[in-house]
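In what follows, residues are counted from 1 in the order of the sequence shown.
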Amino acid sequence: MRKDYLIKSITQYIFFFFLGSFLGYLWEVLLFYVQDGVFCNRGFLYGPWLPVYGVGAVLMLLILRRFQKHPVKVFFLAALLGSFVELFIGWFLAQVFHLRYWDYHDYPLQLGGYICLYSALGFGIAGVLWVCVFARIASHLWKKMPVPLQRIFLTLLILAFLFDCAAALIFPNAGHNITFSLFQTYQPVTC
């Protein structure tokens with residue numbers, strides 16, 4: 001019985017990772033489309049996912065779910081957690097791949113261009129919406145899906161994601177409006 005619960009829990013968190021990654025991708029594409037008027041496939045990978053958002057979604061649930069009845073506490077903790085994840089992943093990508101996928105140097109209260117007050121506020125709002133509202137809805141929908149369909153769905157997603165990761169390790173997604181120079185701040189250009 002314990003093994004079944006563990007497997008169901010793991011598969012649900014894998015689903016949450018992909019859901020968060022996809023929703024983050026939609027958010028970024030929409031944000032840059034509104035800002036610059038062009039479609040850009042954002043992020044290190046080529047598929048419609050941004051893993052930094054998926055990692056954030058899973059971590060927020062694992063760490064903040066116990067506070068879901070206290071949205072103000074979730075807001076502040078999500079702002080801190082999201083900022084930490086963004087800082088670490090941004091630094092890691094810059095150090096390992098010499099690529100920068102966001103730059104907040106021109107924003108107030110920023111740290112190394114990796115995080116800023118505006119993004120922290122966004123993480124706080126997104127954390128409240130995710131932890132206090134949407135994760136329950138997503139969990140309910142996931143549990144209603146037949147287990148064989150869950151397995152097929154996750155298997156296909158994982159295979160596509162691994163293929164995308166392999167391709168991106170060889171040829172990282174980079175270019176105008178996707179990556180920024182490590183030596184200068186963001187200059188809007190078309191994709």
Side-chain angles (χ1 to χ4, degrees), residues 10 13-14 16-33 35-36 38-64 75-127 130-131 157-191:
I10 290 171
Y13 278 106
I14 293 170
F16 286 155
F17 168 80
F18 281 110
L19 181 61
S21 297
F22 178 70
L23 292 174
Y25 173 83
L26 290 178
W27 168 252
E28 293 262 336
V29 166
L30 177 64
L31 189 66
F32 273 78
Y33 184 78
Q35 179 180 322
D36 298 331
V38 293
F39 169 80
C40 283
N41 183 19
R42 301 274 304 141
F44 183 77
L45 303 172
Y46 291 94
W49 36 50
L50 292 173
V52 67
Y53 286 92
V55 169
V58 169
L59 283 177
M60 283 190 188
L61 275 181
L62 288 171
I63 296 170
L64 304 179
F75 174 83
F76 287 107
L77 293 172
L80 287 171
L81 182 61
S83 295
F84 174 77
V85 169
E86 188 172 48
L87 176 65
F88 176 76
I89 291 178
W91 173 84
F92 176 80
L93 289 170
Q95 297 303 309
V96 174
F97 297 102
H98 307 291
L99 293 171
R100 186 170 204 138
Y101 286 89
W102 59 88
D103 188 352
Y104 297 126
H105 273 103
D106 293 336
Y107 291 82
L109 299 171
Q110 57 85 22
L111 179 63
Y114 294 115
I115 58 174
C116 71
L117 177 62
Y118 293 139
S119 67
L121 294 174
F123 290 129
I125 293 167
W130 175 243
V131 172
L157 279 175
I158 290 168
L159 289 173
F161 185 76
L162 290 174
F163 179 77
D164 196 353
C165 287
L169 286 172
I170 298 168
F171 303 106
N173 187 22
H176 299 301
N177 266 5
I178 298 169
T179 53
F180 306 97
S181 169
L182 290 175
F183 306 107
Q184 60 187 350
T185 58
Y186 168 70
Q187 299 294 318
V189 288
T190 58
C191 284

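- Smallest separation of non-hydrogen atoms from Leu87 and Ile115: N-CG2, 3.7 Å.
- Counting only residues at least two apart or on different chains, the side-chain hydrogen bond (donor to acceptor under 3.5 Å, both in side chains) pairs with a member in residues 18-27 are Tyr25-Asn41.
- Under the side chain to side chain contact (heavy atoms under 4.5 Å, CB included) criterion, Leu93 pairs with Phe44, Ile89, Phe97, Tyr101, not counting sequence neighbours.
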Would you be so kind as to tabulate the donor-acceptor pairs closer than 3.5 Å made by side chains of residues 158-172, with sequence neighbours excluded?
unit_1: Asp164; atom_1: OD1; unit_2: Tyr46; atom_2: N; d: 2.9
unit_1: Asp164; atom_1: OD2; unit_2: Tyr46; atom_2: N; d: 3.2
unit_1: Asp164; atom_1: OD2; unit_2: Gly47; atom_2: N; d: 2.5
unit_1: Asp164; atom_1: OD2; unit_2: Trp49; atom_2: NE1; d: 2.8

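- The structure places CH2 of Trp102 at 9.0 Å from OH of Tyr114, a figure rounded to the nearest 0.5 Å.
- Annotation for Gly127 and Ala78: closest pair CA-CB, 3.7 Å, computed over non-hydrogen atoms.
- You'll find the side chain of Leu117 stays beyond 4.5 Å of the side chain of Pro108, heavy atoms only.
- Looking at residues two or more places apart in sequence or on another chain, you find a side chain to side chain contact (heavy atoms under 4.5 Å, CB included) between Ala120 and Ala79, Ser83.
- Residues Leu59 and Leu81 meet the side-chain proximity criterion, which asks for heavy atoms closer than 4.5 Å.
- Closest approach of Met60 to Val131, counting heavy atoms only: O-CG2, 3.9 Å.
- A search for side chain to side chain donor-acceptor pair (under 3.5 Å) contacts involving Tyr107 returns nothing, not counting sequence neighbours.
- Between the side chain of Asp36 and the main chain of Val38, no donor-acceptor pair closer than 3.5 Å is present.
- Every residue two or more places apart in sequence or in another chain that forms a side chain to side chain contact (heavy atoms under 4.5 Å, CB included) with Leu30 is listed here: Val34.
- Take Ser119 and apply the side chain to side chain donor-acceptor pair (under 3.5 Å) test, not counting sequence neighbours, and it matches Glu86.
- Across all non-hydrogen atoms, the minimal contact from Leu61 to Trp130 is CG-NE1, 3.4 Å.
- Looking at residues two or more places apart in sequence or on another chain, you find no side chain to side chain contact (heavy atoms under 4.5 Å, CB included) involving Leu80.
- Tyr13 is linked by a ring pair (Phe, Tyr, Trp, His ring centres under 6.0 Å) to Phe16, counting only residues two or more places apart in sequence or in another chain.
- Note that CZ of Phe123 and OH of Tyr53 are 6.0 Å apart. Values are rounded to the nearest 0.5 Å.
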